[in-house]
Amino acid sequence: MDSKVVNREIKKYIWPALEAEGFDTFTSRVAWRHTSERIDVIEFQSFNKYNADVIGTTTFSFAVRLGCIPLYIPPRWPLPVKNGVLIPSEAACYFRRSLVCSLQSSLKDRCIWPIDAEGKNLHWCIQDVLNQLSEALSWFQRLSSRNEVLRVLKDEDENMQLLWGMGHNPSPIRSYLAGYAALANGDQELAKAKLNEAIESKCFINLFNSVEGAINRAV
């Protein structure tokens, strides 16, 4: 049993289900869906031997991470490109979530599907992920709304079970994200206020030093 067997099962069962939902680019462990508004990412995270030993599982166990990048929010750094297609990692996304394993497990971290040493439970783990894809797709659908993205950035705190990655509320990165989300929603007043907060934080001086300069990055 090794990670190649897991990769094969992901390719056989998970990727076709995601392809039917518009996901268009795949590696052995990551799937991307590209639209004019955003990039959705589903990543099967593996573990090196050290981390697996600390967690108390095998190196071919996995976690399933979700990530979303609204394209109307300019990235802070260039996103990786392959064959002309943007392929950000889940960790680079502004909005993130982990799916939760519903199978019986002795692990404290319920976000890990623990594959046994002989791979006897691999089929059940893959099936459990398949059963949760509708929940993952609903999560992505929520973030397809510009209004909802702005509402989240204005009003919600990070929730490590449901939605995180966008920084504490308030924080410099939250001001940055909310400024561009407000701009995309046509709220110039809020956009300028939030982008000015980002400027005053001094965290983005390599990107812009004025509200006008920040807005020009989105043009």
Side-chain angles (χ1 to χ4, degrees), residues 6 10 13-15 17-18 21-23 29-33 35 37-48 50-70 73 75-76 88-116 121-122 124-178 180-181:
V6 178
I10 292 170
Y13 294 104
I14 306 295
W15 287 175
L18 291 179
E21 297 294 337
F23 281 77
R29 289 292 180 118
V30 190
W32 294 268
R33 178 168 60 183
T35 73
E37 289 268 305
R38 70 188 192 280
I39 303 172
D40 297 331
V41 185
I42 295 184
E43 183 167 338
F44 282 71
Q45 183 185 66
S46 57
F47 306 98
N48 60 32
Y50 174 80
N51 287 332
D53 288 345
V54 170
I55 295 168
T57 191
T58 57
T59 57
F60 34 86
S61 298
F62 58 78
V64 182
R65 314 295 192 192
L66 313 180
C68 180
I69 294 183
I73 300 177
R76 296 175 62 189
S89 68
E90 171 272 332
C93 293
Y94 312 134
F95 300 97
R96 302 168 68 188
R97 179 185 173 178
S98 297
L99 294 183
V100 176
C101 176
S102 67
L103 304 177
Q104 184 175 359
S105 171
S106 61
L107 299 181
K108 292 182 179 180
D109 189 343
R110 298 297 301 166
C111 295
I112 297 173
W113 277 263
I115 311 299
D116 64 70
N121 67 337
L122 175 57
W124 301 110
C125 289
I126 293 294
Q127 185 61 50
D128 191 46
V129 176
L130 274 174
N131 292 343
Q132 296 189 45
L133 287 187
S134 60
E135 182 178 348
L137 293 168
S138 294
W139 185 85
F140 287 122
Q141 182 62 33
R142 175 190 179 191
L143 296 173
S144 70
S145 165
R146 291 187 179 192
N147 287 334
E148 176 63 8
V149 167
L150 179 57
R151 188 198 66 76
V152 166
L153 292 170
K154 289 193 305 178
D155 302 333
E156 290 196 12
D157 293 324
E158 286 189 308
N159 182 323
M160 298 306 291
Q161 281 71 51
L162 297 175
L163 181 60
W164 54 283
M166 62 280 193
H168 294 298
N169 189 18
S171 65
I173 187 59
R174 184 69 72 98
S175 295
Y176 175 94
L177 298 173
Y180 284 113

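Across every non-hydrogen atom of Trp139 and Leu162, the tightest pair is NE1-O, 2.8 Å. Of all non-hydrogen atoms in Thr58 and Asp116, the two that sit nearest each other are CG2-C, 4.2 Å. Here the closest non-hydrogen pair linking Leu150 and Ala178 is CD1-O, 3.8 Å. Taking every heavy atom of both residues into account, Cys125 and Phe62 meet most closely at CB-CZ, 4.2 Å. For Ile173 against Gly167, the heavy-atom pair with the smallest separation is CG2-CA, 3.8 Å.
Using a 4.5 Å cut-off on side-chain heavy atoms (C-beta onward), Cys101 and Ile112 make no contact. Within the 4.5 Å cutoff, no side-chain heavy atoms of Arg65 are placed close to those of Ile42. No side-chain heavy atom of Glu37 sits under 4.5 Å from any side-chain heavy atom of Pro70. Contact annotation: the side chain of Val6 approaches that of Arg29 to within less than 4.5 Å [non-hydrogen atoms, C-beta and beyond]. When side chains are defined from C-beta on, Val149 counts as touching Phe95, because their heavy atoms get closer than 4.5 Å. Taking the side chain as every heavy atom from C-beta outward, Val100 and Arg110 approach each other to under 4.5 Å. Between Thr57 and Leu107, some side-chain heavy-atom pair lies under the 4.5 Å cut-off. Here the side chains of Asp109 and Ile55 are not in contact, with every heavy-atom distance at 4.5 Å or above.
Using a cut-off of 4.0 Å between Lys/Arg side-chain N and Asp/Glu carboxylate O, Glu90 and Arg96 are scored as salt-bridged. A salt bridge does not link Glu158 with Arg174: every distance from a Lys NZ or Arg NE/NH1/NH2 to an Asp or Glu carboxylate oxygen is 4.0 Å or more. The pair Arg142-Glu148 counts as a salt bridge, with a side-chain nitrogen and a carboxylate oxygen less than 4.0 angstrom apart.
In summary, of the residues considered (Val41, Asp40, Ile69), a side-chain contact (heavy atoms from CB on, under 4.5 Å) with Trp32 occurs for Val41 alone.
Side chain of Thr59 to main chain of Asn48: no donor-acceptor pair is present (N/O by atom type, distance under 3.5 Å, no hydrogens or angles). Side-chain atoms of Asn121 come within 3.5 Å of backbone N or O of Pro114 as a donor-acceptor pair. With hydrogens and angles disregarded, a donor-acceptor distance shorter than 3.5 Å links the side chain of Arg33 to the backbone of Glu21. At least one donor-acceptor pair under 3.5 Å links the side chain of Tyr94 to the backbone N or O of Ile73. Asn169 places a side-chain N or O within donor-acceptor distance of the main-chain N or O of Lys154, the cut-off being under 3.5 Å.
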The test is side-chain contact (heavy atoms from CB on, under 4.5 Å); show your working for Arg97 and Glu135 and say whether it passes. CA-CA 11 Å; Arg97 179 185 173 178; Glu135 182 178 348; 2.3 Å; yes

Does Leu137 form a side-chain contact (heavy atoms from CB on, under 4.5 Å) with Phe23? I'd like the steps, not just the answer. CA-CA 11 Å; Leu137 293 168; Phe23 281 77; 4.0 Å; yes

Apply side-chain contact (heavy atoms from CB on, under 4.5 Å) to the pair Ser98 and Leu66, showing each step before the final yes or no. CA-CA 6 Å; Ser98 297; Leu66 313 180; over 6 Å; no

So Trp164 and Asn159, side-chain contact (heavy atoms from CB on, under 4.5 Å) or not? Walk me through it. CA-CA 6 Å; Trp164 54 283; Asn159 182 323; over 6 Å; no

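Taken to the nearest 0.5 Å, the CG atom of Leu130 stands 12.5 Å off from the CH2 atom of Trp124. Atom CG of residue Leu177 and atom CG of residue Leu153 lie 5.5 Å apart, to the nearest 0.5 angstrom. Rounding to the nearest 0.5 Å gives a distance of 11.5 Å between SG of Cys68 and CE of Met166. Atoms CG and CZ, on Leu133 and Phe140 in that order, are 9.5 Å from each other to the nearest 0.5 Å.
With no hydrogens or angles considered, no side-chain donor-acceptor pair links Gln141 and Ser138 at under 3.5 Å. Between the side chains of Asp128 and Trp113, at least one donor-acceptor pair of N or O atoms lies under 3.5 Å.
A perpendicular orientation is assigned to the rings of Trp15 and Phe44, their planes being inclined by more than 60° (bins at 30° and 60°).
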